[in-house]
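Notes to accompany the following structure.
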Amino acid sequence: MKKIYLDNAATTPAHPDVVLAMQPYFSDKFGNPSSIHAFGQETRSAVEAAREKVARLIGSSVEEVVFTSGGTESDNFALEGVAFANEGKGKHIVTSKIEHHAVLECCEFLKKRGFEITYLPVDQYGLVDPQQVKKAITDQTILVSIMHANNEIGTVEPIAEIAKIVKEKGVYFHTDAVQTTGHLPIDVKELGVDLLSLSAHKFYGPKGVGALYIKKGAKLVSFLHGGGQERGRRASTENVPGIVGLGAACALAQVSKVAPLRDKLMQGILSRIPETRLNGHPTLRLPNNLNVSIKYVEGESLLLNLDLQGIAASTGSACTSGSLDPSHVLLAIGLPHEEAHGSLRFTLGQATTEEDIDYVLEALPPIVQKLRSMSPLYKGAK
Amino acid sequence: MAQPYSDKVMDHFMHPRNVGEMENPDGVGKVGNPICGDIMEMYIKVKDNTIVDAKFKTFGCGAAIATSSMATELVKGKPIEEALKLTNKAVAEALGGLPAVKMHCSVLAEEAFKAAVNDYLIKTTGKGLPDFKPHDEPLTEHGH
Ligand code: FES
């Protein structure tokens, strides 16, 4: 059976060259980078070479790159790091309602520790309004965190514009760039951010490794306490193979070229299946992301049917979320419950072909028709 | 491919029995799942106190569709009194079990059937099931 992977926002396969680059660092070159001997120096220089590659990709200096275990840690590090180092100045944080759980749950944690959080709404396309950010900042605000692009609906936020406002107010600005790094051009200076999270496995690197860009001079408390690794920012012996893999993925990163295929899939679905809608912004969106709502059907049922035909996608349906709540992002852009329920996300990757798209466009309409014929909400047919 | 469901669940999900609407049903049950917000409708035909036919329509996950299908199979041909003994656990068991997070979906099937019987009893005797209280929160107002 055909196997078509359209869930690249969840994770991507590591590029063969990435795996090749990592291989020597498991057994051959295994030294601890903190050791003074040759074994250690060999891996130390590998770690530093990887740091340079990350810095080059995002336009930072090498000292500003701290390796982490991935996107969630980078987000937690940024938020908690700034919060606990600056609580003397104020205890207010501004973020949006559509952030990744790694940011939202971290905010909830900080709330329990006495911080005040403002969750900004978004418009129907998922855009944060920079003017609302401006209004939300008080003299107690120490941090603003707005994602670069949303992982569910793909909307790309006006980060540079927001950064200008935040900077004027003298507040730290963090962006979660886990969905954009390695796919869109990123330059931390152009974006104007103080902190930026990225994760290797979202752009053909290995799982379990990421980085946090910390602008020179930014005050954060250390994330892990122990040895002096990462200039004291994050203790723990470096994940050398992972870090080398991240560096390799950064060096290989190319601006995503899948937008035309994505558009074909979008037009195909919207024109072949009645009562469907695009979620997210029509143009200000990730090139690889398509999110549609298919009325009268539920997402898990769609996914199971697609899976049986070899197609991997994802949904914002309550039935597949551990909490049994529909996607907070889809609710935030104003979708009624049942349309959030019937949402499908396809995220394309480097390996996606036109045949894959044609295959999905053949497979999906009959699945929808079958599920609609079973749905009590669908009055179109008996 | 590794589905979270048993083969039996997948069979009833992909090939649901008794799906669709019914002409002139004797009883109709409509219930909403208060947990995830899905809904189910069940229709029954009754003759001489026996469920002679049952059909359903479901907007919900794989487990919801499979349990509706199985529930209709289990009640068909049974006297009302016996069919009312149907529990969500029995439906889940007949399907070879459900993942723990999906047990609430089987409650929907049990309740949809009871709601249909309740409707039938009200129509024919003027009195419904003694302690019947279905969840019927509309989709948009669920919370937990
Ligand atoms: S009906 Fe929603 S989880 Fe089963």
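Just the heavy atoms: all of them, side chains too, but no hydrogens, waters or symmetry mates, feed the values below.
In this structure, B:D53 pairs ionically with B:K76, as a charged nitrogen and a carboxylate oxygen lie closer than 4.0 Å. A salt bridge links A:R272 to A:E362: at least one charged side-chain nitrogen sits closer than 4.0 Å to a carboxylate oxygen.
For A:D7, the side-chain hydrogen bond (donor to acceptor under 3.5 Å, both in side chains) criterion is met by A:R345, not counting sequence neighbours.
If you run side chain to side chain contact (heavy atoms under 4.5 Å, CB included) between B:D11 and each of B:K8, B:H15, B:M14, only B:H15 comes through.
Interface summary for chain A: among B:G62, B:G60, B:P16, the most heavy-atom pairs under 4.5 angstrom belong to B:G60.
With a 4.5 Å cut-off on non-hydrogen atoms, B:A63 touches chain A through its backbone but not through its side chain. Using a 4.5 Å cut-off between heavy atoms, A:K370 contacts chain B through its side chain alone, with no backbone atom that close.
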